[in-house]
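Below, all heavy atoms of this structure are taken into account, side chains as well, without hydrogens, waters or symmetry copies. Per chain, numbering begins at 1; letters A, B, ... match sequence-line order. Since this is a predicted model, take the numbers as computed values, not measurements.
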Protein chains: 2
Amino acid sequence: MLPTPSSEDDLLLTKQSVVDYKKNQKARAILGHLYQQGSRTLAQLAETLHTSIPSITGLVEELLEQGWVNAVGTASGNNGRRPVLFSLNAGEHYVLILDSTTHDTRLMIVNPRREVIFQRVVDTHLENSAQFLTFLATFVTESLAESGLSHDQIMAVGLTLPGLIDTRRGVNLTYPNLNLTDQPFTDWLEQQVGWPVFLINDTKATALGENRFGGGQGKNHVLSINIDWGLGLGIIINGEVFQGASGFAGELGHIQVDPNGELCHCGKVGCLDTITSASSLVRHMQRAVEAGQQTRLAAFRHDLNQINITHIIEAAHEGDSFAIDLLHETGYQLGKGLSIAVNLFNPEVIIIDGVLAQGSMFITNPIRQAINKHCLSGFRRDLIVEVTKLDGAAKWLGTHAYVMEKVLASY
Amino acid sequence: MLPTPSSEDDLLLTKQSVVDYKKNQKARAILGHLYQQGSRTLAQLAETLHTSIPSITGLVEELLEQGWVNAVGTASGNNGRRPVLFSLNAGEHYVLILDSTTHDTRLMIVNPRREVIFQRVVDTHLENSAQFLTFLATFVTESLAESGLSHDQIMAVGLTLPGLIDTRRGVNLTYPNLNLTDQPFTDWLEQQVGWPVFLINDTKATALGENRFGGGQGKNHVLSINIDWGLGLGIIINGEVFQGASGFAGELGHIQVDPNGELCHCGKVGCLDTITSASSLVRHMQRAVEAGQQTRLAAFRHDLNQINITHIIEAAHEGDSFAIDLLHETGYQLGKGLSIAVNLFNPEVIIIDGVLAQGSMFITNPIRQAINKHCLSGFRRDLIVEVTKLDGAAKWLGTHAYVMEKVLASY
DNA sequence: CGCTCTTTTTAAAATTTTTTACAAACTTAA
DNA sequence: TTAAGTTTGTAAAAAATTTTAAAAAGAGCG
């Protein structure tokens, strides 16, 4: 278990000896590498950490004793003696992930090898009220009981929410009423569940997941577009989630693209969100069907509310030309907005995530087209636009990585 | 002098001993701190580097012998024994700075304490031709002779240029013909002058200067706007210049704000550049004067080309209401463009630099106004908009910092 | 002015870390 | 199958670093 520092320890921490400080640093670096790489040999760790093999051996032995690390067989394919592989212990240090969207809340318990141990999904309506927070707390305690795990086996909670999240203060500006008291709601939740809670915005989690385990792997500068009820831009800079000063970085959805456009739910007019989000796509289709447009979805003429984004994408895949046009138009507008982000961030990869990712080339082609038109050639030359291959897992993988990296940093 | 590694040394470097590696790392960290802070005591260095005082003492002694560092008196105001202060040696390790704008080229020789030892300015026209590069080389050799300094006293060159600079390849995409051969022109220049050349975009240099020594000091997330012949955005993220994948990050000037706007020199239509650059401001004023507008600058009616940006700013300061309106309008459009960058980068500070900085509150007020209108409240709460206090020095200070940090990193 | 208190600096002891040397485990080629 | 070549793992020697202790240098106060 983590050595949770008491207040006395904290005092000691400031006057911590140089040797202990370095040991801690190296131990956490080892754990970080093992998390990232799956398994490593002593020689590999020694090289990446610029430390001698005997020192690494000593550190890993300590981590073995503490239960953080396991020896997992030997590596093969080598010329000489086969090295022992070390890996994070899969039986401890679980992370509990809570992911609330507008329509449901998912709870997962994940081990350090990113294997899902336990999972529950409930339909919920994420609302701007304190009740939602008490629901989260009871959902956690009930699920823990159901899972049969002990409180000690879980070490931290990762909470994924949409909206504007102030990472410094632990508040969600989009849902300010989540706060029961005047203290940040993450503090309250921490007290209720008894674990540290790490809060991250859904889009940023997705971007991190893609960067660590998906298409953007190994790249330093990645943009990840998450198209859901709104439009979210996740930014990876120097291999880290870019949060900005208060955690709001990446609000592409609320830049104005049309001064005479529709009123956005944020209160401003003509936001990119009003044009390129999944909900706007559905709205357009509904209006068109209502107006008598020729399309496979005309069947919903008398039940417009039944139309959802999946219907549109399916229709496009089946060759419905109006659906294709609609996706094309949305993709192009999205690409136009994205080209602003490309001009400012000069990324290596753009990854398309969220429900629209199902639209694959109906979406990526017009995006590429718009970027070609609106960006200078230098930006385009090395730029890759691709659809996620993680099939929806990017968000929780990213949340897990976020929590693990935070925990290891404080180890 | 720097130990320029021969090819054999390079081989050794890969198999460098752990001890040497760490020594190098710490030595460079010490030099970096001294560059940043001016002067430090052994105890301060030991604390920031997490190293014992005897070790630091040894390292600093080595740096003293190598001529990198000097003892400069003792610190006062302390309770106990007064510590010796160490500082970078001002008499060696000069950096030669070359700064070419569209109308002139400035050469400065700067010591590690950021004191200008020698300076020359010549009128030049930065053109997209190989001749310009040969001019730079001769300008450097002539100035060196004139300065009376030996070749050894200078350790590196910092070259500041406008345009799209590919930092990875050492090419300037805006001026592709600068390349004499098919190799990057920085390579050629390095061979000619005999020092390593570090190339940086003018706006990025300005941003770095502001972050290290100006208004953005100590802040992690800074935007710096440089309004000159075009509009440049310099971005500081986590205290580092943000270059993006290929060094193009921050091209705010060429995002489209008006699909029906003027043709931009970049070939696209309605770029922000066409609305908010100093040249567009002058163009507007010229048209207005020609059309008979009431303004102090009406005196230039028969000589429109005489009108420059300084005239407009002066007129505004003298109360000319049309000039004030014009600056206001430009500031507002600029603020509208900036609010996109604010939504994406969520900065702590925005610093206004370049010729328009003289316009001070005629510019900053409408910028704030536009940001208030176009950004969500969370972004605005902690955001500071201010005019540079470095009075034009930000660019060369930033270039110097860039070179020093690169050199120290490779030390 | 001398005393105590504080902080820096130096020196010696203790500890940690690296280096070196060698044994162990395994592959490949003769 | 054996010998040569590689790489890993471990123990002892060597080196480097930190810790501890004590001296040096100065501030403040009675």
Q.
On the nucleotide C:dT17, are OP1 or OP2 found under 4.0 Å from the side-chain N or O atoms that A:Ser52 carries?
A.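 Answer no for this pair, as no side-chain N or O of A:Ser52 is under 4.0 Å from OP1 or OP2.
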Does A:Lys22 make a side-chain N or O approach to OP1 or OP2 of D:dT17 shorter than 4.0 Å?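 No, because none of the side-chain N or O atoms of A:Lys22 sits under 4.0 Å from OP1 or OP2 of D:dT17.
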| request: For a ring pair (Phe, Tyr, Trp, His ring centres under 6.0 Å) with B:His400, tell me which candidate from B:Tyr35, B:Phe198, B:Tyr94, B:Phe213 qualifies. | output: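 With B:His400 as partner, ring pair (Phe, Tyr, Trp, His ring centres under 6.0 Å) holds for just one option, B:Tyr35.
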| A:Gln36 vs A:Met404 side-chain heavy atoms within contact, under 4.5 Å |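 Heavy-atom side-chain distance check fails, nothing below 4.5 Å.
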Check the interface with nucleotides 6-9 of chain C: list each N/O to N/O pair with the protein under 3.5 Å, or write none.
residue: C:dT7; atom: O2; partner: B:Arg81; partner atom: N; Å: 3.1
residue: C:dT8; atom: O2; partner: B:Arg81; partner atom: NH1; Å: 3.1
residue: C:dT9; atom: OP1; partner: B:Val84; partner atom: N; Å: 2.7

Rounded to whole angstroms, how far apart are [atom1] on [X] and [atom2] on [N]?
X: A:Tyr21; N: D:dT17; atom1: OH; atom2: C1'; answer: 17 Å
X: A:Leu45; N: D:dG9; atom1: CG; atom2: C1'; answer: 15 Å
X: A:Lys23; N: D:dT18; atom1: NZ; atom2: P; answer: 14 Å
X: B:Asp20; N: D:dA15; atom1: CG; atom2: C1'; answer: 12 Å
X: B:Ile56; N: C:dT10; atom1: CD1; atom2: C1'; answer: 16 Å

Please work out which of the three classes, parallel, tilted or perpendicular, describes the rings of B:Tyr21 and A:His50, given edges at 30° and 60°.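 Taking B:Tyr21 first and then A:His50, their aromatic rings lie parallel (interplane angle under 30°).
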*Specify the closest pair of heavy atoms between A:Met155 and A:Pro196, including all atoms of both residues, with the distance to one decimal.*
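So the minimum-distance heavy-atom pair works out to O-CD, 3.4 Å.
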Could you tell me which residues satisfy ring-ring contact (aromatic ring centres under 6.0 Å, His included) with A:Phe86, sequence neighbours excluded, listed by chain and number?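 Expected list: none.
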I'd like a table of donor-acceptor pairs (distance under 3.5 Å, sequence neighbours excluded) in which one partner is a side-chain atom from residues 58-65 of chain A, with atom names and distances.
none

